[in-house]
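Since the structure comes first, as C-alpha cells, the remarks are kept for the end.
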Amino acid sequence: MADDTIRGLSRRQLVAGGGVALAAGAGALLAARGLSFQLPPNIGSLTGLAEGLTHAGSRLFLTHKTLVPEYPVSAITKVDNWKNDAPADPELIRHIGSKFRDWRLPVDGVLKPATLSLAELAQLPRKTQIIARHCINGYSSISPYTGVPLRDLLALVGLGPNIRYIGFESWYDNGWDSIDLFDAFHPQTILAYDEFPGTPVSWTRGMPLRLTMPLHYGYKWIKGIKRIVALENLDTFGDGTGFGSSYASKGRTWSAAGA
Ligand SMILES: Nc1nc2c(c(=O)[nH]1)N[C@H]1C(S)=C(S)[C@@H](COP(=O)(O)O)O[C@H]1N2
Ligand SMILES: [Mo]
C-alpha cells in the first residue's frame with residue numbers, strides 16, 4: 001500500500017534499516033568504551049527485529065549509566081511468594097544433602113577449562129549486593145546476593161578471541177540460557193552462592209549458583225547453575241535451535257532487556 005511505503009521502501013525495510021543503524025550506533029559507542037556488543041540470535045525474524053531494537057536501544061541509552069541501584073538492608077523484600085517444585089534429580093538431592101561439598105562446577109569452552117568447588121569459588125573476589133529483580137509477571141523483589149563477579153571468574157579461565165556468549169545450564173528445570181559479553185563483564189553480574197555471606201542461596205532461590213543479571217528481567221537470572229560454557233555462537237547450544245535460551249525457544253525474547 002502507498003501509505004506503507006516511503007520512496008519505494010516498505011515500512012518493514014525502514015524499520016529494519018533503523019534497527020541496523022541503531023544497532024551499529026550502539027555497537028560503535030560501546031566499542032569506543034571497550035565493551036562488546038552482540039545482537040540477539042534471532043535478529044533475522046520480524047519479532048527478532050523488535051527485540052534487536054530494544055536490546056540495541058537499551059545498550060545505546062545505557063552506555064553512560066550501566067549500574068543498577070543497590071539498596072540498604074531495610075529495603076529487602078520481606079515476603080517471598082515464589083513457589084517452585086522440590087528438587088527431583090537423585091544426584092542433585094544427594095548434593096543438597098552434602099551441601100555440594102563434592103560437587104564441581106565445570107567451566108568449558110575457555111582457554112583453561114576448570115572444575116571449581118564452591119569453596120574455590122569463595123576464594124575468588126567476592127561481592128555482596130542488594131538489588132532488585134523484576135519479573136515480567138509484575139512480581140519484583142529486592143534481595144541480597146553474594147558471589148563472584150562473573151568477569152573475575154572469566155578472567156581466571158580466559159576467553160579466546162572468538163568468544164561472543166557465555167552459556168549456562170541449569171539443574172533447576174534442565175533449562176539453559178546464554179548472555180553476551182556486555183552482560184558477562186557487567187560489574188553487577190555475579191554468580192551468587194550465598195544470599196548474605198555464610199547463608200547459601202536456597203534451592204528456591206537458585207542453589208547452588210544463581211546468576212544476577214542487572215538491566216534484564218527476572219527470567220534471565222538463571223537459577224541452579226550446574227555448568228558454564230563459553231561460546232562463539234549459539235547454533236548448537238541447548239536444543240540446537242539457535243535460540244540460545246530455553247525461554248526463547250518457548251516464545252520469550254532472548255534478550256529480556258528493559259528491567
Ligand atoms: N533455571 C531457572 N532459573 C530461573 C527460573 C526458572 O524457572 N528456572 N525462573 C526465573 C524467573 S521467571 C524469575 S522472575 C526469577 C525469580 O527469582 P527469585 O525466585 O529469586 O525471586 O528466577 C528466574 N530464574
Ligand atoms: Mo519471572
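When a ligand or atom number is given, it counts from 1 through the structure's own listing order.
- Residue Arg205 has at least one nitrogen or oxygen atom sitting less than 3.5 Å from a nitrogen or oxygen atom of ligand 1, judged on distance alone.
- Residue contact annotation: Lys220 has no non-hydrogen atom under 4.0 Å from ligand 1.
- Close N/O approach between Arg133 and ligand 1 is found [any backbone or side-chain N/O within under 3.5 Å].
- Every atom of ligand 1 with a heavy atom of Ser170 under 4.0 Å away is listed here by number and element: 1 (N).
- Figure legend: Lys223 and Trp171 shown without cation-pi pairing, the cationic atom not lying both under 6.0 angstrom from the six-membered ring centre and within 45 degrees of its axis.
- Using a 4.0 Å cut-off between heavy atoms, Tyr247 contacts ligand 1 through its side chain alone, with no backbone atom that close.
- Salt bridge present: Glu70 and Lys127 bring a charged side-chain N and a carboxylate O closer than 4.0 Å.
- With a heavy-atom cut-off of 4.0 Å, Tyr219 touches ligand 1 through backbone and side chain alike.
- Cluster membership for Tyr145 and Tyr71, using ILVMFWY side-chain heavy atoms within less than 4.5 angstrom, is not shared.
- Relative to the ring axis of Tyr219, Arg133 does not place its NZ or CZ within 45° and under 6.0 Å from the centre.
- Distances below 4.0 Å separate heavy atoms of Arg210 from the following atoms of ligand 1: 15 (C), 16 (C), 17 (O), 18 (P), 20 (O), 22 (O), 23 (C).
- In terms of heavy-atom proximity, Ile96 sits nearest to Pro87 at CD1-CG, 3.6 Å.
- Taking the six-membered ring wherever Trp is involved, the centroid distance between the rings of Phe100 and His95 falls below 6.0 Å.
- The CE atom of Met213 sits 5.0 Å away from atom CD1 of Ile179, with the distance rounded to the nearest 0.5 Å.
- Considering backbone and side-chain atoms alike, Tyr139 places every N or O at 3.5 Å or more from each N or O of ligand 1.
- Of the listed residues (Met213, Arg252, Glu195, Lys223), the one carrying the non-hydrogen atom nearest atom 3 (N) of ligand 1 is Lys223.
- Distances below 4.0 Å separate heavy atoms of Asp173 from the following atoms of ligand 1: 1 (N), 2 (C), 6 (C), 7 (O), 8 (N).
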